[in-house]
2 protein chains.
Amino acid sequence: MPSPAAATAQKAFAQPMSHGRWNDEADTRSPVDVVARHGVVTSYARNAEIFGEDQAAEHIYVVLSGAVRICKLLGDGRRQIETFCLAGDVFGWETAPRHRFSAEAVSECKVVRVKRSILFARASDDAELAHALWALTAAELSRTQNHLLVLGRKTAQERVATFLLDMAQRANASKGAAVNGVEVTLPMSRQDIADFLGLTIETVSRTLTHLEETLAIALPSSRRVVLRDSGALRRMNS
Amino acid sequence: MPSPAAATAQKAFAQPMSHGRWNDEADTRSPVDVVARHGVVTSYARNAEIFGEDQAAEHIYVVLSGAVRICKLLGDGRRQIETFCLAGDVFGWETAPRHRFSAEAVSECKVVRVKRSILFARASDDAELAHALWALTAAELSRTQNHLLVLGRKTAQERVATFLLDMAQRANASKGAAVNGVEVTLPMSRQDIADFLGLTIETVSRTLTHLEETLAIALPSSRRVVLRDSGALRRMNS
DNA sequence: CGTACGGTTGATACATATCAATATGCGTGG
DNA sequence: CCACGCATATTGATATGTATCAACCGTACG
């Protein structure tokens with residue numbers, strides 16, 4: 001069923017494309033549109049692998065529902081999560097012939113995929129689509145560069161604060177910046193957060209409880225976070 | 001003088017374009033080619049700013065000689081260097097209207113630049129050029145993602161080892177992987193290395209002397225590093 | 001009702017940061 | 001060519017943030 005899929009993806013897609021003037025064109029010929037129209041929908045169970053590191057990269061994916069983590073492993077099992085993909089996010093589209101990371105379902109999730117060759121063929125005719133693909137890669141690069149600053153130079157508190165604000169903004173993309181009282185539901189475990197932020201579970205947990213004691217956030221349950229004082233969180237960001 | 005500039009850039013360019021099949025086309029219609037042909041050459045003194053964070057992004061640059069650092073700053077002065085650009089590397093070409101980082105001369109350096117509008121205009125006609133721009137962005141993304149793993153999950157030793165191997169490979173791109181006995185001249189200070197690796201000067205210095213004591217490297221001078229046991233260094237990478 | 005898994009909290013260890021002193025290299029001017 | 005001064009790098013002593021190891025708690029589920 002391509003039409004409801006397309007609609008879902010379309011709506012959510014507004015958010016990652018946050019780079020100015022290309023937004024307008026996004027809904028006529030966006031890669032997401034193409035994927036959603038011609039793609040195959042698949043569901044994955046929690047922790048299922050969608051593709052592995054070094055595997056041949058044949059498809060491009062769009063998340064329809066749930067969340068996906070993109071990760072790299074070190075020989076001894078240390079893991080770095082590069083990013084989390086939520087509904088509307090695209091992943092797996094590199095120019096290289098093999099994936100340089102694995103993709104796994106964080107939660108039960110639905111994903112559409114198309115053959116790269118199909119998308120590439122279209123892109124060679126369609127300058128707008130080609131541009132959109134480029135813009136998408138550039139947006140991903142920008143996100144990754146911001147994350148470099150987080151991992152290289154921020155303290156545990158700052159990392160967690162940045163993460164929470166980011167998640168809040170992605171969840172409420174339409175409503176602009178995160179406001180006091182907003183509640184975010186985190187689809188991922190503490191371990192995932194830790195591996196994303198370059199910390200350990202324990203440090204993430206302690207930092208969250210510390211933010212709660214400081215009244216910056218509230219934790220009605222371990223997966224739900226209420227931003228009580230988003231100003232305080234934002235002050236921890238630079 | 002566009003012709004010698006073009007030649008230099010062309011030769012060095014082989015290296016960052018390490019993603020397979022697009023290599024071949026690189027020398028006919030690469031972005032570097034366009035920049036070098038139509039660009040303006042400028043020299044910068046050590047530590048001079050080429051452009052600043054949040055500044056309007058009007059140009060795209062190619063390094064002809066010397067080295068450039070791309071960095072982000074935190075409010076209190078903490079700095080993260082995203083990458084070093086050596087001869088042949090392209091920088092400053094984002095899709096966003098403003099630069100999201102600053103660029104500074106690490107050493108005395110020469111740079112060519114063209115207006116983004118010129119390159120973009122050509123790219124809309126020329127699918128190959130458009131593809132090359134995309135591939136370039138994707139390559140940068142890949143590099144950045146690898147660096148995420150370094151900053152998020154590697155120890156100081158591993159970070160320094162990774163850095164040295166990377167620099168050795170970039171310097172001797174043609175000769176393939178770094179071999180024992182190769183000498184690398186680092187164009188950047190210890191502070192720059194520290195800010196690239198998410199460490200302090202002292203830790204970088206101590207780690208280098210430790211690698212020297214271990215006979216993994218030799219340090220004929222602080223800026224020159226000989227890879228004595230590149231196998232040992234490589235073993236520290238995963 | 002018990003078991004299992006994810007999360008929190010506590011005690012301690014350790015890697016890296018910080019603060020401080022010394023050394024080395026390098027350009028400048030005598 | 002040497003002496004001086006500054007910037008950069010190294011080395012040392014100590015502090016600290018986060019990791020590690022370990023116990024405990026709570027909630028979901030059979």
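The sequence lines fix the lettering, A, B, ..., with proteins before strands; numbering per chain opens at 1.
Residue K154(A) contributes atom NZ, which lies 18 Å from atom C1' of dG17(D) at whole-angstrom precision. Put simply, CG on L211(A) is 13 Å from P on dT9(C), counting in whole angstrom units. In this structure, NE2 of H210(A) is placed 15 Å from C1' of dT9(C), rounded to the nearest angstrom. Atom CD of E212(A) and atom P of dG7(C) are 15 Å apart (whole Å). As a whole-Å value, the separation of D195(A) CG from dG6(C) P is 13 Å. Going from atom CG of L199(A) over to atom P of dA15(C) covers 18 Å, rounded to whole Å.
Counting heavy atoms of neighbouring residues, nucleotides and ligands inside a 6.0 Å radius, atom CZ of R228(A) does not exceed 12 of them.
Residue pairs satisfying the ring pair (Phe, Tyr, Trp, His ring centres under 6.0 Å) criterion with at least one member in residues 54-75 of chain B, sequence neighbours excluded, are listed as follows: F51(B)-Y61(B), Y61(B)-F91(B). Residue pairs meeting the side chain to side chain donor-acceptor pair (under 3.5 Å) criterion with at least one member in residues 48-58 of chain B: none, sequence neighbours excluded. Legend: side chain to side chain donor-acceptor pair (under 3.5 Å) pairs involving residues 150-161 of chain B, not counting sequence neighbours, sorted by first then second residue: R78(A)-E158(B), D195(A)-R153(B), K154(B)-T162(B), T155(B)-E158(B), Q157(B)-H210(B).
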Worksheet entry | Per-nucleotide protein contact string for nucleotides 5-14 of chain D (B base, S sugar-phosphate only, - none; heavy atom under 4.0 Å) | ---SSBBBB-
Discussion item. I need a per-nucleotide contact map over nucleotides 25-30 of chain D, read 5' to 3'. Cutoff is protein heavy atoms under 4.0 Å; write B for the base, S for backbone only, - otherwise.
Written reply: ------
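Using a 4.5 Å cut-off on side-chain heavy atoms (C-beta onward), L219(B) and V225(B) make contact.
Residues forming a side chain to side chain donor-acceptor pair (under 3.5 Å) with T42(B) (at least two apart in sequence, or on another chain): R113(B). Contacts of E140(A) classified as salt bridge (charged side-chain N to carboxylate O under 4.0 Å, His left out), with partners at least two apart in sequence or in another chain: R143(A). Among residues two or more places apart in sequence or in another chain, the side chain to side chain contact (heavy atoms under 4.5 Å, CB included) test is passed with N47(B) by R69(B). The ring-ring contact (aromatic ring centres under 6.0 Å, His included) check on F163(A) picks up F196(A), with sequence neighbours excluded.
For the helix from dC1(C)-dG30(D) to dG30(C)-dC1(D), the terminal axes (five pairs an end, C1' atoms, rotation from four pairs onto the next four) enclose an angle of 30°, given to 10 degrees.
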Worksheet item: Between R170(A) and D89(A), does a side-chain contact (heavy atoms from CB on, under 4.5 Å) hold up when you go through it step by step?
Response: CA-CA 11 Å; R170(A) 291 175 77 179; D89(A) 291 342; 2.5 Å; yes
Distances for protein N or O near nucleotides 25-29 of chain C N or O, under 3.5 Å:
none

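Remark: the backbone N or O of E82(A) is not paired with any side-chain donor or acceptor of K72(A) at under 3.5 angstrom.
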For residues 181-190 of chain B, run the donor-acceptor check on the side chains, cut-off 3.5 Å, and write out each pair with its distance to 0.1 Å, sequence neighbours left out.
{"residue": "E183(B)", "atom": "OE2", "partner": "R224(B)", "partner atom": "NH1", "Å": "3.0"}
{"residue": "S189(B)", "atom": "OG", "partner": "Q191(B)", "partner atom": "N", "Å": "3.3"}
{"residue": "S189(B)", "atom": "OG", "partner": "D192(B)", "partner atom": "N", "Å": "3.2"}
{"residue": "R190(B)", "atom": "NH1", "partner": "S222(B)", "partner atom": "O", "Å": "3.0"}
{"residue": "R190(B)", "atom": "NH2", "partner": "S222(B)", "partner atom": "O", "Å": "2.8"}

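To the nearest 0.5 angstrom, L149(B) atom CG is 5.0 Å from L74(A) atom CG.
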